[in-house]
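A short write-up of the structure that comes next.
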Amino acid sequence: MVFSLLSVADLDGREFMELVNGAKRMKAAMARGRKTADLNNMIIGILFEKPSTRTRTSFQAAAIRMGGNPIYLPANELQLSRGEPVKDVARMLGGWLDIIVARVYLQDTLVQLAEYSKLPVINALSNIEHPTQMISDFLTILESKGRIEGLKMAYIGDGNNMANSLMLSCALTGMDLSIASPNGYKPSDEYVKKARRLSESTGSKIEIVTKPAEAAKDADILYTDVWVSMGEEKEAARRLRAFKGYQINSSLLKYAKSDAIVMHCLPAHRGLEITDEVIEGRQSVAWTQGVNKLYGAASTLKFIAKRK
Ligand code: CP
Ligand code: NVA
């Protein structure tokens, strides 16, 4: 069976940490621009339906640094944009490429890409998950805190793709997670249940609350994401009203531990989900977190290539 990474739940806790520790090793191996031979001339299709600064560039750069050949496939320049079915496109890519990295609107597009290409597919963000972000995020946590198990993360904001992947990742690794979202924007019951099931073996506590201060209390990590995700632009006005008060700012930071770190998957909107003062402040690790995406991508590609 070809292994695809479509959801964090495709991994068990040991595999998740293998990816995080792999990212740490790739960071050391790639120091000062060094190359590796892990991909041995493999051709990596980078199929993106949505914009990206970090994920696309880091996967392309990682592939090149690892001896692979990335080909960027913007969906709007494929026949997909003129109505060619995903499964027909997937059949073609399956004959030409070795791995597909895809950012899509619908999770089902990833499922079809995997089924009809018969290639390993890596989810580079969908409407419901962002699994590769987790590998570089947990590397950043490990670097900052020296451990993962037993920490408490507070996620403030939208119960979206990031919240889903964070719930599963915390559940797999024994980190407690408290999510504060306004009513109507809390994570789906399906994901909360899935995460709580996974947390039975690690003891991590997955909590959903309404008040940001309650989530932030004694947290080791404060995390936020945009209030309006890609594809939700039409809902922007309603969302900006609903999320007022769900900002990471210096007052909220006071509820967390004094050595808490602040994370943001980026892109950031200063003055909305986070203040300029906090994201530029001494507790922010957002820039390291973003740069670490190269090593998360490298570790994921290596993990997938080994299983091919
Ligand atoms: N965090 C993240 O996925 O960033 P991009 O949208 O720039 O890839
Ligand atoms: N929730 C955001 C994450 C961006 C990295 C989005 O889907 O747009």
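Just so you know, ligand 1 is whichever comes first in the structure, and atom 1 is the first atom listed for that ligand. Everything quoted here is computed from the prediction, not taken from an experiment. Residue numbers start at 1 and run along the sequence shown.
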Could you tell me whether D225 and ligand 2 have an N or O pair separated by under 3.5 Å?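 Right, the criterion is met.
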
N/O to N/O below 3.5 Å, does that happen between R103 and ligand 2?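 For ligand 2, there is no N or O atom that lies under 3.5 Å from one belonging to R103.
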
What side chain to side chain donor-acceptor pair (under 3.5 Å) pairs are there with at least one residue in residues 148-173, not counting sequence neighbours? E129-S165, Y155-N160, D158-R239, N160-D225

Considering only non-hydrogen protein atoms, determine which one is nearest to [atom] and report residue, atom name and distance to 0.1 Å.
| atom | answer |
| --- | --- |
| atom 8 (O) of ligand 2 | M230 N, 2.8 Å |
| atom 6 (O) of ligand 1 | R103 NH1, 2.9 Å |
| atom 4 (O) of ligand 1 | R54 NE, 2.9 Å |

Looking at I128 and Q107, what are the two nearest heavy atoms and their distance? CG1-OE1, 3.5 Å

So, is [X] polar-close to ligand 1, with some N/O to N/O distance under 3.5 Å?
| X | value |
| --- | --- |
| C265 | yes |
| M230 | no |
| R56 | no |

Indicate, with yes or no, if the rings of Y185 and Y246 have centres closer together than 6.0 Å. no

Per-atom contacts, ligand 2 versus [X] - under 4.0 Å to a heavy atom:
| X | answer |
| --- | --- |
| V226 | 2 (C) |
| L266 | 5 (C) |
| N160 | 1 (N) |

For [X], counting its heavy atoms only, list the atoms of ligand 1 lying under 4.0 Å from any of them.
| X | answer |
| --- | --- |
| H130 | 2 (C), 3 (O) |
| Q133 | 1 (N), 2 (C), 3 (O) |
| L266 | 1 (N), 2 (C), 4 (O) |
| K293 | 1 (N), 2 (C), 3 (O) |

Thinking salt bridges, do D38 and K306 make one under a 4.0 Å N-O criterion?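 No.
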
Would you confirm whether S4, through its side chain, and L6, through its main-chain N or O, come within 3.5 Å as a donor-acceptor pair?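 Side chain of S4 to backbone of L6, a donor-acceptor pair under 3.5 Å: no, none is there.
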
Just to check, does L125 reach to within less than 4.0 Å of ligand 1 when the distance is taken from its heavy atoms?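 Judged by the 4.0 Å heavy-atom criterion, L125 does not count as contacting ligand 1.
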
Is ligand 1 less than 4.0 angstrom away from at least one heavy atom of K50?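 Under 4.0 Å: no for K50.
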
Side-chain heavy-atom pair M26, R65 within 4.5 angstrom cut-off: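 Heavy-atom side-chain distance check fails, nothing below 4.5 Å.
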
In this structure, which one of T55, L266, T57 forms a side chain to side chain contact (heavy atoms under 4.5 Å, CB included) with K293?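 Per the side chain to side chain contact (heavy atoms under 4.5 Å, CB included) rule, the option paired with K293 is T55, out of T55, L266, T57.
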
Hey, does N127 sit under 4.0 Å from ligand 2 if you only count heavy atoms? no

Let me see the working for L5 and R307 under side chain to side chain contact (heavy atoms under 4.5 Å, CB included), right down to the final yes or no. CA-CA 11 Å; L5 181 60; R307 278 161 183 74; over 6 Å; no

Residues, nucleotides or ligands: over 12 heavy atoms within 6.0 Å of K194 NZ: yes

When you check the side-chain N and O atoms of [X] and [Y], is any donor under 3.5 Å from an acceptor?
| X | Y | answer |
| --- | --- | --- |
| Q79 | D88 | no |
| T210 | K186 | yes |
| Q289 | D137 | yes |

Measuring from atom CD1 of I135 to atom NZ of K24, what distance do you get when rounded to the nearest 0.5 angstrom? 14.5 Å

Which is closest to atom 7 (O) of ligand 2 by heavy-atom distance: N164, V228, N161?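 When every heavy atom of N164, V228, N161 is considered, N161 comes closest to atom 7 (O) of ligand 2.
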
Ligand 2 versus L125: contacting region, heavy-atom distance under 4.0 Å: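 The part of L125 near ligand 2 is the side chain, not the backbone.
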
Residue portion contacting ligand 2 (non-hydrogen atoms closer than 4.0 Å) for T55: neither

